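First comes the structure, then the notes that go with it.
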Amino acid sequence: MRELLLCPPDFYGIEYEINPWMSRARGAETAVAKAQWTGLQAALSQLDCKIELISPQPKLPDMVFTANAGLAVGRQFIPSNFRHKERAGEAPHFARWMEERGYQISWLPNDYYFEGEGDALFAGEALFCGYKFRSDIKSHRAIAEMLGCLVVSVELVDPRFYHLDTCFCPLPDGAVIWFPAAFDEYGQKAIREHVSDLIEVEPDEAMHFCCNAVPLGRDIVLPEGAPKLANALTKRGYKCHQLPMSEFLKAGGACKCLTMFMPQRDKAG
Ligand code: ARG
């Protein structure tokens, strides 16, 4: 059974602006955010997975986005090196928590930015890694060596889709949901070469973060606002669970950002 890491939104809020979605002036509704997060937890709890919770920490409002804790493969955990100082304080909490659960912690060099599963997703044999806005391409090479697997680095070009998991979602049947315009031409080519079954989403649905989905077997938990994608997935035999995520979209996140797989794969490659 898949294990997922979530972090309750006790200290969640828009307290700084590190991506184009975030506006301190607009803020997030605390009570609504709590209800939406609880809705995500409840939806996932019904599915074939086990949920683990890490204690939220004061002054780390984005700690809810556990996809950025790091990358877990087998019993190995590579913690994130956050690009922005606002989130850097999260890393030791996540690393300690994973270590207490028996993971072997492999730190990247300090100056190699890497934002975890948010920028690193396995599809088929390859680990696709996004770079530019948050993770550095040099971290990808280090990760390929640490894990001994094929890494395909893809450049992200639209600041609204600053993490890979905002525009790329591998499914258990080998297909990948993606928003091509978020990648440069070379990245699009690399993805097309490696993945034969691509499900393209349209800009209006991509803007609702429909690629930010959590696939669990034949179930997919995704933000509401993407009826075309939900239809396409239903036709393929998936059951879609569409959830309101407005208060997390205000921070530039949704279902997948709020979730980390422990581990994402049992083995690399
Ligand atoms: N406000 C957070 C940030 O900018 C959102 C992180 C979303 N996480 C993700 N995996 N896409 O870092």
Side-chain angles (χ1 to χ4, degrees), residues 4-9 11-30 33 36-37 40 44 54 56-57 59-72 78-91 93-94 113-122 127-136 139 154 156-170 177-179 182-183 201 206-215 221-223 243 245-262 264:
L4 305 178
L5 179 65
L6 271 69
C7 176
F11 303 105
Y12 174 67
I14 314 293
E15 286 167 26
Y16 45 76
E17 298 170 2
I18 57 171
N19 70 53
W21 303 89
M22 300 176 89
S23 154
R24 267 180 298 177
R26 184 170 55 150
E29 295 289 337
T30 306
Q36 292 179 346
W37 184 89
L40 173 67
L44 293 169
I54 184 170
Q57 300 296 322
K59 301 202 166 60
L60 294 174
D62 275 339
M63 199 173 161
V64 286
F65 298 113
T66 52
N68 302 123
L71 173 65
I78 305 173
S80 288
N81 277 335
F82 287 94
R83 180 171 297 269
H84 297 286
K85 61 175 185 333
E86 289 86 345
R87 295 199 67 185
E90 299 174 29
H93 293 286
F94 285 123
Y113 293 126
F114 173 62
E115 296 203 354
E117 189 164 277
D119 264 334
L121 293 164
F122 281 100
L127 179 64
F128 286 82
C129 291
Y131 70 94
K132 199 174 79 176
F133 297 112
R134 297 300 182 82
S135 301
D136 285 331
S139 70
V154 286
L156 302 171
V157 293
D158 183 332
R160 295 168 303 178
F161 302 94
Y162 56 95
H163 278 138
L164 182 68
D165 68 0
T166 65
C167 50
F168 187 88
C169 176
I177 305 169
W178 75 319
F179 178 49
F183 300 89
V201 306
M207 288 291 285
H208 286 96
F209 268 29
C210 67
C211 297
N212 202 248
V214 184
V221 178
L222 75 167
L243 305 182
M245 280 282 130
S246 62
E247 300 319 295
F248 295 101
L249 281 160
K250 290 176 178 173
C255 307
K256 177 65 195 74
C257 304
L258 294 165
T259 310
M260 183 183 73
F261 286 109
M262 285 193 313
Q264 191 185 131

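Numbering of ligands and ligand atoms starts at 1, following listing order. Just so it is clear, the values below take in all heavy atoms, side chains as well, and ignore hydrogens, waters and symmetry mates. Along the sequence shown, residues are numbered consecutively beginning with 1. All values reported here derive from a predicted model rather than from experimental measurement.
Geometrically, ligand 1 and Gly118 share no nitrogen or oxygen pair separated by less than 3.5 Å. For Thr166, no nitrogen or oxygen atom sits less than 3.5 Å from a nitrogen or oxygen atom of ligand 1, counting backbone and side chain alike.
The shell of residues lying under 4.0 angstrom from ligand 1, judged by heavy atoms, includes Arg134. Distances from ligand 1 to the non-hydrogen atoms of Tyr162 include at least one value under 4.0 Å.
Counting heavy atoms under 4.0 Å from ligand 1, residue Ala67 touches it through the side chain alone. Contacts between Asn68 and ligand 1, counted as non-hydrogen atom pairs separated by less than 4.0 Å, involve the side chain only. With a 4.0 Å heavy-atom cut-off, ligand 1 is reached by no atom of Glu117.
Smallest separation of non-hydrogen atoms from Ser80 and Gly116: OG-N, 3.1 Å.
Nearest-heavy-atom check against atom 12 (O) of ligand 1 across Lys256, His84, His163, Arg87 picks out Arg87.
Proximity of a side-chain donor or acceptor of Lys85 to a complementary backbone N or O of Ala88 within less than 3.5 Å is not detected.
Using cut-offs of 30° and 60° for the angle between ring planes, the Tyr12 and Phe248 rings count as tilted.
Electrostatic pairing of Glu29 and Lys250 does not count as a salt bridge here, judged by no charged N lying under 4.0 Å from a carboxylate O.
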